[in-house]
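Quick caveat, the model's predicted, so the values are computed rather than measured.
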Amino acid sequence: MTDVRTAIIIGGGIAGPVAALALHRAGIAATVYEAYPSTADGIGGTLALAPNGVAALRIVGADQAVTDAATPMHRTALVIGANRVDLPVLAGAPPLRVVHRNALYRVLHERATAEGIPIVHGKRLTGARETATGVTAEFGDGSTASADILIGADGVHSTVRNLIDPHAPGPRYTGVLGFESVAAHTVDVEPGTMTFTFGRRGYYLYWSEPGGGTRWGANLPQDRPMSLAEARAVSSEDWLHRLWDAYGDDDPGAALIRSSNPAGLQVSGSLHIMPPVPHWHRGRMVLVGDSVHAPSNSSGQGASLAIESAVQLARCLRDLPDVPAAFTTYERLRRARVEGIAARAARINHAKAPGPVGRVVMPVMMRMLMKVAMKPEKTLGPEQRYTIDWDAPATTERALA
């Protein structure tokens with residue numbers, strides 16, 4: 001085991017609390033520092049947890065509470081114009097789980113509190129000073145905190161990433177804005193079915209809510225990115241008008257937009273992905289989760305990969321003899337997997353905001369994909385069947401090609 005006994009974790013979203021829980025299990029005391037002044041109650045929409053993500057949550061004892069708060073999706077379907085195709089499923093695999101981000105936050109924070117892990121709010125990182133034996137975090141309110149290592153779990157706009165490498169790439173705008181709501185309209189599909197739809201002017205998805213109505217999410221194409229504050233400065237009524245312009249010719253898109261209450265519209269702003277990050281760590285600082293790998297939401301793996309990486313980082317710190325070896329092994333075990341999944345999702349993401357030529361070619365391309373490439377064991381098996389053997393030494397594990 002390394003000589004690491006304490007850790008500062010920057011970011012209290014998903015990867016941060018999971019890293020703290022995994023470190024706690026590895027015998028390392030961590031404190032989570034979050035920039036926002038309070039918990040993220042009511043903020044954010046729904047995210048998907050793949051079976052591999054739920055398996056990683058099991059290691060930190062959070063899987064049951066999360067699945068209890070989630071809705072299982074047993075089937076997926078693809079709709080292009082008037083054509084609907086049921087996508088193949090991975091035989092024997094647990095279902096995809098959709099869970100509200102706020103519910104996942106709550107479970108992770110409650111689990112951390114139960115383990116005695118401090119989560120400190122209102123602490124925005126502004127800098128860090130390293131020594132040979134530790135690192136001191138500097139916060140915007142003038143306070144500091146010191147520990148053996150500092151972990152950046154602070155999302156795509158990571159401050160820690162820029163401290164590790166001032167020349168690191170920033171997040172890349174995908175060309176779409178994200179929206180979500182629950183419509184009063186009930187779609188005529190079997191419960192537990194997630195439908196991905198390529199409408200005439202954009203992409204959206206939907207599924208029946210267990211409590212009634214239909215939850216839908218839309219990726220609205222837009223040339224320029226908008227910050228979350230900019231997007232939320234536009235009224236919900238205005239956004240619904242714009243969404244109607246994009247999806248009002250589609251079925252059931254028109255009914256979903258028309259029967260959605262503006263007060264319930266979740267606005268996510270611009271959606272971003274992270275291009276490959278050259279340096280995952282430097283000295284006593286390291287990145288985890290979206291700060292270093294944020295695939296398109298087309299992957300269905302963003303949250304699951306963040307959870308996996310948090311657990312693997314703790315495992316490497318438990319098993320490797322020093323900090324450089326632990327960080328290097330962690331990157332070796334994770335980079336190929338996360339970048340491979342991100343590359344697959346990026347290819348899909350290009351179809352979500354197609355140009356004039358793409359709108360003509362896309363239906364043909366998707367049908368070819370269905371006939372040739374969508375072999376679930378080949379395409380989904382390596383992603384969803386992946387599990388972390390917590391009890392095995394990290395030194396003996398081979399990186400995935």
Side-chain angles (χ1 to χ4, degrees), residues 40 42-48 78-82 98 100-102 156-157 171-187 189 194-209 213-273 294 296-300 302 345-346 348-363 366:
I43 296 176
T46 302
L47 53 81
L78 177 68
V79 173
I80 305 172
V98 290
H100 197 282
R101 188 179 296 270
N102 180 51
V156 294
H157 301 290
R172 184 177 299 156
Y173 176 47
T174 61
V176 295
L177 309 180
F179 300 88
E180 182 179 323
S181 190
V182 176
H185 175 74
T186 299
V187 292
V189 295
M194 180 180 288
T195 302
F196 299 88
T197 302
F198 289 84
R200 293 181 62 187
R201 296 184 180 88
Y203 163 90
Y204 61 102
L205 75 164
Y206 57 87
W207 63 88
S208 297
E209 277 284 90
T214 304
R215 184 171 292 275
W216 58 269
N219 287 167
L220 185 66
Q222 176 163 296
D223 291 339
R224 77 170 187 88
M226 294 180 75
S227 69
L228 184 59
E230 285 182 295
R232 290 183 175 172
V234 179
S235 72
S236 295
E237 290 82 0
D238 193 358
W239 279 127
L240 282 174
H241 283 306
R242 300 189 200 186
L243 288 163
W244 175 265
D245 289 340
Y247 306 110
D249 293 335
D250 294 321
D251 179 20
L256 296 177
I257 302 298
R258 188 171 53 245
S259 63
S260 294
N261 188 333
L265 184 68
Q266 289 275 353
V267 182
S268 302
S270 300
L271 302 185
H272 294 86
I273 59 174
S296 161
N297 58 358
S298 304
S299 71
I348 298 172
N349 203 64
H350 287 314
K352 290 164 72 172
V357 175
R359 278 194 286 270
V360 175
V361 174
M362 183 179 63
M366 295 304 292

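- Considering CD1 of I80 and CZ of F196, their distance stands at 12.5 Å, rounded to 0.5 Å.
- Here the shortest heavy-atom pairing between L220 and A246 reads CD1-CB, 3.5 Å.
- Annotation: side chain of W216 is in contact with side chain of S260 (closest heavy-atom distance under 4.5 Å).
- When all heavy atoms of A183 and S259 are compared, the closest pair comes out as CB-OG, 3.3 Å.
- The main-chain N or O of V187 is never found under 3.5 Å from a side-chain atom of Y206 such that the two would form a donor-acceptor pair.
- Smallest separation of non-hydrogen atoms from L205 and M194: CD1-SD, 3.8 Å.
- The two residues I273 and T174 make their nearest non-hydrogen contact at CG2-CG2, 3.7 Å.
- In D223, the CG atom is not crowded: 12 or fewer heavy atoms of neighbouring residues, nucleotides or ligands sit closer than 6.0 Å.
- At least one side-chain heavy atom of N219 sits less than 4.5 Å from a side-chain heavy atom of L271.
- When every heavy atom of A218 is checked against every heavy atom of L243, the shortest pair comes out as CB-CD2, 4.1 Å.
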**Study point:** Steps toward side-chain contact (heavy atoms from CB on, under 4.5 Å) verdict (W207, T46)
**Key:** CA-CA 12 Å; W207 63 88; T46 302; 4.0 Å; yes
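- Note that CG of L240 is 8.5 Å distant from CG of N261, once rounded to the nearest 0.5 Å.
- A salt bridge is absent between E180 and R101; no separation between the charged side-chain nitrogens and carboxylate oxygens falls under 4.0 Å.
- For the pair S208/V189, a side-chain contact is recorded, criterion being any heavy-atom separation below 4.5 Å from C-beta on.
- Here the straight-line distance linking atom CD of Q266 with atom CZ of R232 works out to 6.5 Å at 0.5 Å rounding.
- Taking all atoms of both residues into account, the shortest heavy-atom contact from Q222 to Y173 is O-OH, 2.8 Å.
- The closest donor-acceptor contact from the side chain of Y247 to the backbone of R242 lies at 3.5 Å or more, if one exists at all.
- Two residues are said to be in side-chain contact when any heavy atoms from C-beta on lie closer than 4.5 Å; V98 and R215 fail this criterion.
- With contacts defined as side-chain heavy-atom distances shorter than 4.5 Å, the pair F179/S236 does not qualify.
- The backbone N or O of V79 lies less than 3.5 Å from no partner atom in the side chain of T197, so there is not a single donor-acceptor pair.
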